[in-house]
Amino acid sequence: MERTVIIDALKSTRLNEPINVRGWVRSRRGNKQINFIALNDGSTIKNIQIVVDMSKFSEEQLKPVTTGSCISATGILVASQGSGQAVEVQLTELEVYGTADPEQYPLQKKGLSMEYLRTIAHLRPRTNTFGAVLRIRHNMAMAIHTYFHQHGYFYFHTPLITASDCEGAGQMFQVTTKNLYNLKKDENGQIDYSDDFFGKMAALTVSGQLEGELGAMALGKIYTFGPTFRAENSNTPRHLAEFWMIEPEVAFIQKEELMALEEDFIKFCVKWALDNCMDDLEFLNQYVDKGLIERLKGVINTEFVHLTYTEGVEILQEAIKSGHKFEFPCQWGDDLASEHERFLVEEHFGRPVIMTDYPKDIKAFYMKLNEDDKTVQGTDVLFPQIGEIIGGSVREENLDKLNAEIERRHIPMKDMWWYLDTRRFGSAPHAGFGLGFERLMLFVTGMQNIRDVIPFPRTPKSAEF
RNA sequence: GCUUCCUUAGCUCAGUCGGUUAGAGCAUCUGACUGUUAAUCAGGGGGUCCUAGGUUCAAGUCCUAGAGGGAGCGCCA
């Protein structure tokens, strides 16, 4: 008989008709007369209840049906006699696909910590929490593609392997086919890459932005959405060595339009979650973060604060004057610490902040210089709890100014001639941003640790599964 | 990378000042129960106290080193 997915079975109005559902057993309980099986197939967080009349089945037949086992259950879909579910399946035929020895199966019906579940990441998608997170993760990916597609952006695939060592966004993972125990060195003791696979040093990308700009200079509006790698030894609940990043790049827009894009985009994604993932959000709201749904609704109904870096520093200095203690100082020109950002977002304004016009020395070389010659047109979105969720900027489109900045910073650009060509041939004002997908996931799910919003996290000292 | 905390049953944790045979809840197993919802009730089994050294008559407990994990910070998305 054809399988019905549980999300459809639970909504079905075809009562008293045969049905077949298949999935993994969450629990079985009962007595000599009657047994109840809670079955989940991942299509929804909700289980379907299989009712077993024990006068028609033997204990022996039910014995392999334990928590974690996989079964196919055929029966009659009926209105439930119990409370807690509208419909249930009265079992007529049982097939066990795979058993799960209860003495060994590591998932229990309750009491599992996130830290423990990380050690069994191959099984944790079967839990309610991770099922919810992973369904939401899929939905967020769809929201992102939908948003950009509807707004005329093209999905632009930037390379994961890059030979430019000055993307500047962080430490890189090297890619090589060379024998690391027997490296050829030149007369200066430097590694000779001429016989390596790419003929030069290569690494995994830390950002698709520079290539993304090439796309925007031809297609007008592009976005990237792919894996990104940082070899930094970052040990926090907000960093991964392998994460997914979304980087739109748009020709012919200026700072105000960029800020509007950032805000509109995030709100679209959050609204998508509220519109499409309510069952999962309600579960997370109940068991993970009591304020989740309220906070999500709050974001789509509030206007983000627009604040320049200089104004932000003034507010922080006022706060210090009136007695607020920070661990780090906060002078104009300093990079803001997490505590400063958190103060502005969580205490001072109580809503998301788009901070702009940073001192040029604390930002990347490609950001557009303001007329004051001191600040650049960065536009970072700061969120409660998670901090910087978006890092964006208007790009410097003037070749001379860009070259001057590259020289001032002594950035080796010999492998980046192609990037400068965008400014040499038909340069255009343009802007874009990068959004960490898992940071968006943290916000939308209310989860506390970024390692729990990606199926198989990679962090320092950890690449299991 | 820095600071700090943690590691005891399958899981979550307690374990007093260093002192008898290391405990609890849940899970699991056995039994009871005619509709359960993290079912309930009764009983049983289950331990490399992270690893390696050290101090001591005696170490889960104190000391040193190492491994793994969490949090805060830095770097960043």
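Labels below follow one simple rule: chain letters A, B, ... track the order of the sequence lines, proteins then strands, and each chain is numbered from 1.
OP1 or OP2 of B:rA71 has at least one side-chain nitrogen or oxygen of A:Arg451 nearer than 4.0 Å. The side chain of A:Arg238 places no N or O atom within less than 4.0 Å of a non-bridging phosphate oxygen (OP1 or OP2) of B:rC75. One finds no side-chain N or O of A:Asn235 lying less than 4.0 angstrom from the OP1 or OP2 phosphate oxygen of B:rG72.
For the P atoms, the distance linking B:rU51 with B:rG47 amounts to 15 Å, nearest Å. When the C1' atom is compared between B:rG25 and B:rC41, the two are found 16 Å apart, to the nearest whole Å. Across B:rU61 and B:rA22, the matching C1' atoms stand 12 Å from one another, rounded to whole Å. Nucleotides B:rC6 and B:rC49 place their C1' atoms 14 Å apart, quoted to the nearest Å. Rounded to a whole angstrom, the distance from the P atom of B:rU20 to that of B:rA59 is 12 Å. Atom P of B:rU4 sits at a distance of 23 Å from the matching atom of B:rC13, rounded to the whole Å. Between B:rC33 and B:rA42, the two C1' atoms lie 11 Å apart (nearest whole Å). Remark: the separation of the C1' atoms in B:rA52 and B:rU7 is 16 Å, to the nearest Å.
The base of B:rC75 is paired with the side chain of A:Ser234 by a donor and an acceptor separated by under 3.5 Å.
Residue pairs meeting the ring pair (Phe, Tyr, Trp, His ring centres under 6.0 Å) criterion with at least one member in residues 374-395 of chain A, sequence neighbours excluded, are A:Phe304-A:Phe383, A:Phe383-A:Phe443. Residue pairs meeting the side-chain hydrogen bond (donor to acceptor under 3.5 Å, both in side chains) criterion with at least one partner in residues 442-462 of chain A, sequence neighbours excluded, are A:Arg118-A:Asp452, A:Arg124-A:Asp452.
Distances from the side chain of A:Leu112 to the nucleotides B:rC76, B:rC11, B:rG69 place B:rC11 closest. Proximity note for A:Gln49 (side chain, C-beta onward) versus B:rG69, B:rG74, B:rG35: the nearest is B:rG35. Side-chain atoms of A:His239 lie closest to B:rC75 of the nucleotides B:rU37, B:rC75, B:rG72. Among the nucleotides B:rG69, B:rC75, B:rG72, the one closest to the side chain of A:Lys461 is B:rG69. Of the candidate nucleotides B:rA71, B:rG70, B:rC75, B:rC75 has the atom lying nearest to any side-chain atom of A:Glu232.
Nucleic acid contact class of A:Tyr105 (heavy atoms, under 4.0 Å, all strands): none. Counting non-hydrogen atoms under 4.0 angstrom, A:Ser27 reaches the backbone sugars and phosphates but no base. At the heavy-atom level, A:Ala38 lies nowhere under 4.0 Å from the strands shown. Across all strands shown, A:Leu440 has no heavy atoms under 4.0 Å from either base or sugar-phosphate atoms.
Heavy atoms from other residues, nucleotides or ligands lying under 6.0 Å from CZ of A:Phe154 number 12 at most. Atom NE2 of A:His122 has more than 12 heavy atoms from other residues, nucleotides or ligands within 6.0 Å. Within 6.0 Å of NZ on A:Lys271 lie no more than 12 heavy atoms contributed by other residues, nucleotides or ligands. When the shell of 6.0 Å around CD of A:Gln61 is examined, it contains more than 12 heavy atoms from other residues, nucleotides or ligands.
Put simply, the side chain of A:Met142 does not reach to within 4.5 Å of the side chain of A:Tyr147, judged on heavy atoms. Inter-residue side-chain proximity for A:Ile454 and A:Phe243 is flagged as unmet; no heavy-atom pair is nearer than 4.5 Å. Residues A:Tyr105 and A:Thr67 have side chains in contact (heavy-atom distance under 4.5 Å, counting atoms from C-beta outward).
The distance between atom CZ of A:Arg26 and atom C1' of B:rA39, rounded to the nearest whole Å, is 18 Å. The distance from atom CG of A:Leu240 to atom C1' of B:rC76 is 12 Å, rounded to the nearest whole Å. With rounding to whole Å, A:Ile120 atom CD1 is found 14 Å from B:rG10 atom P. Following rounding to the nearest Å, A:Lys325 (NZ) and B:rC73 (P) show an atom-to-atom distance of 19 Å. Computed from coordinates, the A:Tyr116 OH to B:rU7 C1' distance equals 15 Å when rounded to whole Å. Straight-line distance from the CG atom of A:Leu117 to the C1' atom of B:rG10: 13 Å, rounded to whole Å. In this structure, A:Glu327 places its CD atom 13 Å from P of B:rU4, rounding to the nearest Å. When rounded to the nearest whole Å, the span between CG of A:Leu123 and P of B:rC11 equals 13 Å.
Take A:Asn139 and apply the side-chain hydrogen bond (donor to acceptor under 3.5 Å, both in side chains) test, not counting sequence neighbours, and it matches A:Trp272. For A:Phe130, there are no ring pair (Phe, Tyr, Trp, His ring centres under 6.0 Å) partners, not counting sequence neighbours. With sequence neighbours left out, the ring pair (Phe, Tyr, Trp, His ring centres under 6.0 Å) criterion links A:Tyr309 to A:Trp332, A:Tyr358. Remark: A:Phe343 pairs with A:His324, A:Phe326 by the ring pair (Phe, Tyr, Trp, His ring centres under 6.0 Å) rule, at least two apart or across chains. The ring pair (Phe, Tyr, Trp, His ring centres under 6.0 Å) test applied to A:Phe148 returns A:Tyr153, A:Tyr223, A:Phe265, not counting sequence neighbours.
With the nearest nucleotide of RNA chain B identified for both A:Thr459 and A:Phe243, A:Thr459 has the one nearer the 5' end.
If you check residues 338-353 of chain A against RNA chain B, the residues with a heavy atom closer than 4.0 Å are A:Ser338, A:Arg342, listed by number. Contacts between residues 256-265 of chain A and RNA chain B, counted as heavy-atom distances below 4.0 Å, involve no residue at all. RNA chain B is contacted by A:Ser80, A:Gln81, A:Gly82, A:Ser83, A:Gln85, A:Glu88 of residues 73-88 of chain A, taking any non-hydrogen atom closer than 4.0 Å.
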- Message: Both atom distances under 3.5 Å, Watson-Crick or G-U wobble: I'd like the secondary structure of RNA chain B as a dot-bracket string, with | for pairs made across strands.
- Response: (((((((..((((.....[...)))).(((((.......))))).....(((((..]....))))))))))))....
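No donor-acceptor pair closer than 3.5 Å links the side chain of A:Arg126 to the backbone N or O of A:Trp24.
Considering all non-hydrogen atoms of both residues, A:Asp280 and A:Ile45 come closest at OD1-CB, 3.3 Å.
Salt bridge annotation for A:Glu347-A:Arg342: absent, with no cationic side-chain nitrogen under 4.0 angstrom from a carboxylate oxygen.
The residue from A:Glu396, A:Glu213, A:Gln209 that alone fulfils the side chain to side chain donor-acceptor pair (under 3.5 Å) condition with A:Tyr366 is A:Gln209. Each of A:Thr308, A:Val345, A:Leu344 was compared with A:Met355 under the side chain to side chain contact (heavy atoms under 4.5 Å, CB included) criterion, and only A:Leu344 meets it.
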- Letter per nucleotide, 5' to 3', of nucleotides 23-33 of chain B [B base touched, S only sugar-phosphate touched, - untouched; heavy atoms, 4.0 Å]: ---SSSSS-SB
